[in-house]
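Below: the structure, in structure tokens.
Small disclaimer: the values here were computed from a predicted structure and weren't measured. Lettering of chains follows the sequences in order, A, B, ..., and the numbering in each one begins at 1.
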Protein chains: 2
Amino acid sequence: MMTDRRPGRSFKTLTSSETSGEPNALIRRLEGLESLGTDAKAWLAGIEEAAFSVPARTDLIAEGDAPDGLVVILEGMACRFKLRPGGARQITAYLIPGDLCNLDLALRPRMDHAIATLSPCRVARLDFEALSHLSGDLDIVTRAMRRAALVDDAILREWLVNVGSRSAIRRIAHLFCELLMRFRAVGLARGDSYELPVSQLDLAETTGLSTVHVNRTLQELKRQGLIELRARSLMIRNLARLQTLGEFDAGYLSLGEPIA
Amino acid sequence: MMTDRRPGRSFKTLTSSETSGEPNALIRRLEGLESLGTDAKAWLAGIEEAAFSVPARTDLIAEGDAPDGLVVILEGMACRFKLRPGGARQITAYLIPGDLCNLDLALRPRMDHAIATLSPCRVARLDFEALSHLSGDLDIVTRAMRRAALVDDAILREWLVNVGSRSAIRRIAHLFCELLMRFRAVGLARGDSYELPVSQLDLAETTGLSTVHVNRTLQELKRQGLIELRARSLMIRNLARLQTLGEFDAGYLSLGEPIA
DNA sequence: CGCAATCTTGAGAATGCTCAAAAGTGGTGG
DNA sequence: CCACCACTTTTGAGCATTCTCAAGATTGCG
């Protein structure tokens with residue numbers, strides 16, 4: 001279940017969309033997948049009330065859990081991962097604001113993998129009851145969430161291609177391109193830059209490389225003038241070349257206009 | 001085991017479950033996920049009528065397609081894959097009898113990957129209309145199919161772990177264990193043996209290894225007395241040791257008793 | 001200011017790759 | 001029924017990418 005943190009705790013609330021009237025990341029994300037009506041948006045805006053903060057490197061859902069609510073990332077980054085017998089960790093997905101942790105909770109008895117924060121996060125838990133009673137104008141929300149799950153599947157397949165067959169430098173290039181597009185979709189990129197609050201160890205556990213090699217590969221990307229990366233902030237200096245290098249084609253992210 | 005089926009049309013009828021009153025692979029697969037009523041089974045048995053044969057190495061669904069029906073594998077093996085710019089192919093899933101190719105057809109505009117047969121297959125196409133009108137006792141079928149999709153997701157995550165972090169010999173050991181369990185679930189394993197109609201090139205494209213290294217790794221598995229593999233038929237000689245080597249834990253396959 | 005985590009660098013080693021060619025297999029048409 | 005052809009499997013040899021180990025530099029946080 002969720003680790004010992006109660007909703008009430010305030011972990012120094014950052015300046016965030018929470019205080020303004022802007023749509024939260026979940027709304028932005030789902031709006032890219034289905035056209036949401038005003039009532040749907042209003043309903044989704046309500047999740048802010050249930051939001052709470054979680055520090056970095058904290059389990060959100062453990063392997064074997066049977067969560068009783070749908071967990072949504074509103075700010076920060078989290079990841080899905082599996083542990084191998086020796087303790088090695090393979091990250092199988094990044095969760096960014098607007099992403100859903102366990103959409104299939106209704107059908108899946110227990111989690112086959114775990115979810116943990118990478119950076120400090122703001123998170124909401126949607127009650128299973130509330131979700132299953134969405135109907136009428138609101139079941140567009142369910143459809144949008146299902147579509148989001150399909151995009152997650154597509155991302156996972158793309159990661160398998162990445163790790164299964166691309167060289168180190170291409171893997172990282174591809175990952176950085178994907179994250180740019182995903183952050184853009186929820187309004188969290190400025191131009192070709194975004195915050196990437198993960199360590200090189202995290203990148204290593206994502207790409208199937210050693211930390212040492214991740215480090216050297218990042219240096220090579222910088223040397224080639226493709227990226228700048230300092231203080232957990234990534235600036236892509238030459239997106240076209242980075243895309244070519246990473247063999248990146250955004251089609252699998254379904255970022256076109258919302259399909260009718 | 002009722003027989004409510006019309007005597008099969010013959011596409012050069014092989015000796016197969018088709019001619020007997022046995023449940024087809026789809027029924028067996030879904031029955032492992034939900035308890036099906038007799039009417040659900042009868043409905044599923046009807047797909048035999050729409051079955052047709054496809055030779056090996058033939059595309060079933062191309063990337064970019066928007067299929068108008070749900071494709072089901074009844075016999076043989078197929079795979080999902082993506083092609084990289086240079087032509088390299090990464091296989092992202094094996095489809096065995098009882099598996100569904102494109103369950104999300106209602107929500108996904110176009111396929112982000114392709115599906116092709118590996119061996120000669122018998123395949124059925126379920127009309128989208130027919131599926132969307134399943135209701136009452138039959139919507140248990142929909143539930144079972146959704147659960148099957150979740151298992152596919154879990155398998156994909158496990159493959160990412162496999163390719164992202166295990167050594168060559170562990171990767172192949174893991175894959176062989178997984179396939180044993182999946183074939184067993186649809187009654188296609190005899191003891192610890194099963195037909196594995198894929199080439200070493202296919203295995204290479206699956207595991208992210210070169211064909212040469214696959215070949216040498218298979219020899220090592222034989223040398224250690226873990227497997228026998230000839231004429232596309234795999235016999236696992238020491239399942240316990242193969243599981244340990246492959247770090248295989250069947251939990252992610254949801255093969256327990258059907259969950260209520 | 002100091003600890004702990006993270007990043008960086010060096011050097012040697014291993015796993016797995018490429019290229020190339022030979023040997024085996026199965027299907028097909030003459 | 002055999003010969004041939006394409007595909008697949010196997011083997012050898014050298015090499016590249018990436019890993020491991022280890023230590024030193026840097027950063028961020030309390």
Check: Among all residues two or more places apart in sequence or in another chain, which pass the side chain to side chain contact (heavy atoms under 4.5 Å, CB included) test with B:Ser199?
Finding: B:Arg57, B:Leu201, B:Asp202, B:Arg232

Notebook entry, point to check: Side-chain contact, heavy-atom cut-off 4.5 Å: B:Leu245 with B:Leu221?
Noted result: yes

Check: Just by distance, do the side chain of B:Asp192 and the backbone of B:Asn238 share a donor-acceptor pair under 3.5 Å?
Finding: no

Margin query: Any side-chain to backbone donor/acceptor pair from A:Thr117 onto A:Pro55? Under 3.5 Å, distance only.
Written below: yes

Atom pairs, protein N/O to nucleotides 13-15 of chain D N/O, distance under 3.5 Å:
residue: D:dA13; atom: N6; partner: B:Arg216; partner atom: NH1; Å: 3.4

Notebook entry, point to check: What's the closest nucleotide to the B:Ser199 side chain, out of C:dC7, D:dT8, D:dC19?
Noted result: D:dT8

Item checked: A:Ala204 backbone acceptor or donor facing A:Thr206 side chain under 3.5 Å -> no

Next item on the list: Using a 3.5 Å limit on both pairing distances, list the dot-bracket string of DNA chain C from the 5' end; Watson-Crick and G-U wobble pairs count, crossing pairs take [ ], interstrand pairs take |.
Entry: ||||||.|||||||||||||||||||||||

Notebook entry, point to check: Taking atom C1' of C:dT6 as reference, at what distance in whole Å does atom CZ of A:Arg232 sit?
Noted result: 7 Å

Checklist line | Atom-to-atom span, CG of A:Leu218 to C1' of C:dT6 - whole angstrom | finding: 13 Å

Margin query: Short of 4.0 Å, heavy atom to strand atom, which residues of residues 161-179 of chain B count as contacting DNA chain C?
Written below: B:Ser167, B:Ala168

Item checked: Partner residues of A:Asp152 under the salt bridge (charged side-chain N to carboxylate O under 4.0 Å, His left out) criterion, sequence neighbours left out -> none

Next item on the list: Go through residues 81-90 of chain A and report each residue with a non-hydrogen atom lying under 4.0 Å from DNA chain C, sorted by number.
Entry: none

Item checked: Proximal nucleotide (of D:dT9, D:dT8, C:dT6) relative to the B:Arg57 side chain -> D:dT8

Next item on the list: With the side chain of B:Leu209 defined as its heavy atoms from C-beta on, choose the nearest nucleotide among C:dC17, D:dT20, C:dT8.
Entry: C:dC17

Check: Under 3.5 Å, side chain of B:Arg184 to main-chain N/O of B:Ala189, donor-acceptor pair present?
Finding: no

Notebook entry, point to check: Can you check the B:His213 NE2 to D:dT10 C1' distance for me, whole Å?
Noted result: 15 Å

Next item on the list: Give me the ring orientation class for A:Tyr194 and A:Phe183: parallel if the planes are under 30° apart, tilted from 30 to 60°, perpendicular past 60°.
Entry: tilted

Checklist line | Per B:Gln200 side chain, nearest of listed nucleotides C:dT18, D:dC19, D:dT10 | finding: D:dT10

Note to self: On DNA chain D, compare the nucleotides closest to A:Val214 and A:Ala231; which residue's is nearer the 5' end?
What the structure shows: A:Val214

Notebook entry, point to check: Is the gap between the ring centers of B:Tyr94 and B:Trp159 under 6.0 Å?
Noted result: yes

Next item on the list: Establish, with yes or no, whether the OP1 or OP2 oxygen of C:dC7 is under 4.0 angstrom from a side-chain nitrogen or oxygen of A:Asn215.
Entry: no

